[in-house]
Amino acid sequence: MKNTLALTLAAVLALGVSITTSSAQDAGKVNFEKQVLPVLKESCFKCHQKEHEEDGKIKKPKGKLRLDGAAVIMKGGSEYPDENVVAGKPDASWLVKTMELPDSDDLAMPPEGKGDRVTPENIALIKKWITEGADFGGWKGEE
Ligand code: HEC
């Protein structure tokens, strides 16, 4: 009887520990939808989303790059297809490389005079998300 109780207690404790560690890991991981998407919305969506009409004009995604859906983010644009986000490799990912280029560079994003540069904190966050495997969680966005 005593043994059974001890075993049950040990099992409950082990379960408790494993639940705590897995949620602690998740808590440390960047959440795309909550942390990265708002940055892209704020700084990039204006020019990099699905073709749509605005003030009677058809707006096409610049550089054929869309950032409003998980699949299109991975697909990339016309110059760097499949290299917009390279999971595990922020230094090979143009999504974040363009954010770090100097203003004078033609590919600096957002282009010079077309919006504030992304803050170093948010660039570090996006790099961390890519290093962690570029996991979109359940987010799919636009097709
Ligand atoms: C005011 C419009 C505008 C905004 C805002 C903007 N871009 Fe761009 N982007 C462009 C244009 C235009 C191009 C095409 C290349 C060129 O002509 O410089 C481009 C091209 C790119 C490319 C190259 C795609 C390829 O494979 O050819 C990347 C990557 C990129 N942008 C990322 C971003 C990111 C990330 C943001 C937000 C931080 C952003 N852009 C914000 C206009 C914009």
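Read the numbers this way: they start at 1 and go in the same order the structure lists the ligands and their atoms. Just so we're clear, the structure is a prediction, and the values are computed from it rather than from any experiment.
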Could you tell me the residue and atom name of the protein heavy atom closest to [atom], and the distance to it rounded to 0.1 Å?
atom                    : answer
atom 33 (C) of ligand 1 : Met109 CG, 3.2 Å
atom 22 (C) of ligand 1 : Leu65 CD2, 3.8 Å
atom 23 (C) of ligand 1 : Leu107 CD2, 4.1 Å
atom 18 (O) of ligand 1 : Asp106 O, 3.5 Å
atom 35 (C) of ligand 1 : Leu95 O, 3.4 Å
atom 37 (C) of ligand 1 : Cys44 SG, 1.8 Å
atom 31 (N) of ligand 1 : His48 NE2, 2.9 Å
atom 27 (O) of ligand 1 : Glu79 N, 2.8 Å

Subject >> Gly76 to ligand 1, any heavy atom closer than 4.0 Å >> reply: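 Gly76 does not count as a contact of ligand 1 under the 4.0 Å cut-off.
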
Original post:
Contact between Gly115 and ligand 1, counting heavy atoms under 4.0 Å?
Top reply: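 No, that is not the case, since the closest heavy atom of the residue is not under 4.0 Å from the ligand.
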
Separation between [atom1] of [X] and [atom2] of [Y], rounded to the nearest 0.5 Å:
X      : Y     : atom1 : atom2 : value
Asn122 : Ser43 : CG    : OG    : 7.5 Å
Lys62  : Ser78 : NZ    : OG    : 12.5 Å
Glu79  : Thr98 : CD    : OG1   : 12.5 Å

Do [X] and [Y] have side chains that approach each other closer than 4.5 Å (heavy atoms only, starting at C-beta)?
X      : Y      : answer
Phe45  : Leu37  : yes
Glu100 : Lys127 : yes
Leu65  : Leu95  : no
Ile58  : Glu51  : yes

Original post:
Looking at Pro90 and Ile130, what are the two nearest heavy atoms and their distance?
Top reply: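 The answer is N-CG2, 3.6 Å.
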
In terms of atom number and element, which parts of ligand 1 are under 4.0 angstrom from non-hydrogen atoms of [X]?
X      : value
Gly63  : 14 (C), 27 (O)
Trp94  : 29 (C)
Lys114 : 1 (C)
Pro111 : 3 (C), 4 (C), 6 (C), 7 (N), 42 (C), 43 (C)
Val118 : 38 (C)
Tyr80  : 25 (C), 26 (O), 27 (O)
Ser78  : 25 (C), 26 (O), 27 (O)

**OP:** Would you indicate whether Asp103, at its atom CG, is surrounded by more than 12 heavy atoms from other residues, nucleotides or ligands within a distance under 6.0 Å?
**Re:**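 Count over threshold, so yes.
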
Original post:
Near Lys75 NZ, under 6.0 Å, is it more than 12 heavy atoms from other residues, nucleotides or ligands?
Top reply: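 At most 12 heavy atoms, drawn from other residues, nucleotides or ligands, come within 6.0 Å of this atom.
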
Counting both backbone and side chain atoms, is some N or O of [X] under 3.5 Å from an N or O of ligand 1?
X     : result
Lys62 : no
Asn84 : no
Thr98 : no

Original post:
Charged N to carboxylate O below 4.0 Å: is that the case for Lys29 and Glu132?
Top reply: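 No, Lys29 and Glu132 are not salt-bridged.
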
Original post:
For ligand 1, which part of Lys64 has a heavy atom less than 4.0 Å away: the side chain, the backbone, both, or neither?
Top reply: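 It is neither part, as no heavy atom is under 4.0 Å.
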
Subject >> Per-residue contact class, Met99 against ligand 1 - non-hydrogen pairs under 4.0 Å >> reply: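 The part of Met99 near ligand 1 is the side chain, not the backbone.
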
**OP:** Answer yes if a protein heavy atom lies under 4.0 Å from atom 16 (C) of ligand 1, otherwise answer no.
**Re:**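 No, because not a single protein heavy atom sits under 4.0 Å from atom 16 (C) of ligand 1.
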
Original post:
Does Cys47 put an N, O or S atom under 2.8 Å from atom 8 (Fe) of ligand 1?
Top reply: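 Checking Cys47: none of its N, O or S atoms is under 2.8 Å.
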
**OP:** Look at the rings of Trp129 and Phe32 and say which category their plane angle falls in: under 30° parallel, 30 to 60° tilted, over 60° perpendicular.
**Re:**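 Ring orientation, 0 to 90° scale: tilted.
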
Subject >> Backbone N/O of Ala71 and side chain of Arg66: donor-acceptor pair under 3.5 Å >> reply: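 No, because the side chain of Arg66 does not come within donor-acceptor range (under 3.5 Å) of the backbone of Ala71.
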
Original post:
Can you tell which of Asp68, Val36, Asn84 makes a side-chain contact (heavy atoms from CB on, under 4.5 Å) with Ile73?
Top reply: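 Going through the options one by one, the only one that passes is Asn84.
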
